Amino acid sequence: MNIFFDNNFDVYKIERILNIKPSDCKRKNETRMSPFNKNEHLEGYWSLVTDTFEELDIKPVIDDLLRKLEGKLEIIKEICKENNGEVCFEIVPIFEKDNLPAIYFEKRFLNIVNYLDAVIDIDMYLN
């Protein structure tokens, strides 16, 4: 899960507010320069990455993430609302040619995506 900010919001506050250590975070002024506008940095972000799972089903990964976010969704929504943040659930399955993953979303996850007005980004890799 990533929370993006196209402003100089102090993303380091999020760890204290949520009491969750991010996998990575950077303010906008700490990111690299945009390839489209050499005078502007890319978006700032706060990222939470799950453990890697050797599964053919996406459910354990989503369940792991949702456990980490349990009881924090209202706070995340408020942070985004107050600071023009956007939530993105990034799903990155890596699979072998003969073992295609099952990618589907249960209602619980979709309700959270809807509640946070989030987007889902799927990047698939074939080994």
Side-chain angles (χ1 to χ4, degrees):
M1 181 190 85
N2 301 300
I3 308 174
F4 295 107
F5 299 91
D6 197 21
N7 54 47
N8 284 315
F9 172 66
D10 182 3
V11 293
Y12 298 100
K13 289 181 183 180
I14 298 174
E15 179 178 354
R16 293 187 302 274
I17 295 168
L18 295 180
N19 197 27
I20 299 174
K21 184 170 177 57
S23 304
D24 193 15
C25 66
K26 288 186 180 176
R27 290 184 189 109
K28 181 175 180 167
N29 64 357
E30 297 172 327
T31 63
R32 66 184 177 89
M33 299 305 282
S34 169
F36 306 109
N37 181 351
K38 300 293 183 194
N39 296 321
E40 189 173 320
H41 288 268
L42 296 174
E43 297 170 311
Y45 62 89
W46 186 91
S47 296
L48 183 61
V49 177
T50 65
D51 293 328
T52 301
F53 291 82
E54 291 194 25
E55 298 277 343
L56 291 177
D57 188 329
I58 200 168
K59 185 178 181 340
V61 178
I62 291 176
D63 288 346
D64 181 57
L65 177 63
L66 296 183
R67 266 191 301 281
K68 292 176 182 180
L69 299 176
E70 199 167 332
K72 316 260 185 199
L73 297 175
E74 282 184 48
I75 300 166
I76 293 168
K77 186 172 183 160
E78 190 63 29
I79 290 169
C80 290
K81 181 180 175 187
E82 290 176 2
N83 302 287
N84 289 330
E86 182 177 320
V87 176
C88 176
F89 291 97
E90 186 174 359
I91 299 165
V92 185
I94 301 170
F95 56 95
E96 303 296 326
K97 185 170 79 171
D98 298 333
N99 292 319
L100 300 178
I103 298 177
Y104 59 92
F105 303 112
E106 293 184 337
K107 287 182 183 181
R108 176 179 172 227
F109 177 65
L110 292 174
N111 287 338
I112 290 169
V113 170
N114 185 53
Y115 177 75
L116 295 175
D117 195 26
V119 297
I120 301 170
D121 182 13
I122 301 174
D123 292 331
M124 299 177 69
Y125 294 93
L126 175 64
N127 276 341

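Bear in mind that the values here come from a model prediction, so they are computed numbers and not experimental data.
Distance CD1/Ile75 to CD1/Ile17: 8.0 Å, rounded to 0.5 Å. Here the straight-line distance linking atom CG of Asn2 with atom CH2 of Trp46 works out to 9.5 Å at 0.5 Å rounding. In this structure, CD1 in Ile20 is found 5.0 Å from NZ in Lys72, a value given to the nearest 0.5 Å. To the nearest 0.5 Å, the span separating CG on Asn29 from CG on Leu42 amounts to 12.5 Å. Rounding to the nearest 0.5 Å gives a distance of 7.5 Å between CG of Asn83 and CD1 of Ile14. Between the CD atom in Glu106 and the CD1 atom in Ile62 there is a gap of 8.0 Å [rounded to 0.5 Å].
Linking ILVMFWY side-chain heavy atoms closer than 4.5 Å, directly or via other members, places Val87 and Leu48 in a single hydrophobic cluster. Linking Ile, Leu, Val, Met, Phe, Trp and Tyr whenever their side-chain heavy atoms come within less than 4.5 Å puts Ile122 and Met1 in one cluster. Phe4 and Leu73 fall into different hydrophobic clusters, where Ile, Leu, Val, Met, Phe, Trp and Tyr are joined by side-chain heavy atoms under 4.5 Å apart, directly or via other members. Residue Leu66 is grouped with residue Ile103 when hydrophobic side chains (ILVMFWY) are merged at heavy-atom distances under 4.5 angstrom, including chains of intermediate members.
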Determine, step by step, whether Arg67 and Asp63 satisfy the salt bridge (Lys or Arg N to Asp or Glu O under 4.0 Å) criterion, reporting the C-alpha distance in whole Å, the side-chain angles of both residues, the deciding distance to 0.1 Å, and the verdict.
-> CA-CA 6 Å; Arg67 266 191 301 281; Asp63 288 346; 5.2 Å; no
Tyr45 vs Val11, side chain to side chain contact (heavy atoms under 4.5 Å, CB included): CA-CA, chis, key distance, verdict = CA-CA 7 Å; Tyr45 62 89; Val11 293; 6.0 Å; no
Step by step, would you call Tyr12 with Arg27 a side chain to side chain contact (heavy atoms under 4.5 Å, CB included)?
-> CA-CA 8 Å; Tyr12 298 100; Arg27 290 184 189 109; 3.7 Å; yes
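Proximity of Ile3 to Cys80: side-chain heavy atoms (C-beta onward) are separated by under 4.5 Å at one or more points. Between Asn84 and Phe9 the shortest side-chain heavy-atom distance does not fall below 4.5 Å.
Other residues, nucleotides and ligands place no more than 12 heavy atoms under 6.0 Å from the CG atom of Asn19.
Counting only distance, with no hydrogens or angles, the side chain of Lys77 and the backbone of Tyr115 share a donor-acceptor pair below 3.5 Å. Under the 3.5 Å distance criterion, the side-chain polar atoms of Asn114 are left unmatched by any main-chain donor or acceptor of Leu110.
Of the residues listed (Asp121, Ile112, Val119), the one engaging Phe89 in a side-chain contact (heavy atoms from CB on, under 4.5 Å) is Ile112, and it is the only one. With respect to Ile91, the side-chain contact (heavy atoms from CB on, under 4.5 Å) criterion is satisfied by exactly one of Ile58, Leu65, Asp123: Ile58. Checked against Lys28 for a side-chain hydrogen bond (donor to acceptor under 3.5 Å, both in side chains), the options Asp6, Asn8, Asn7 give a single hit: Asp6.
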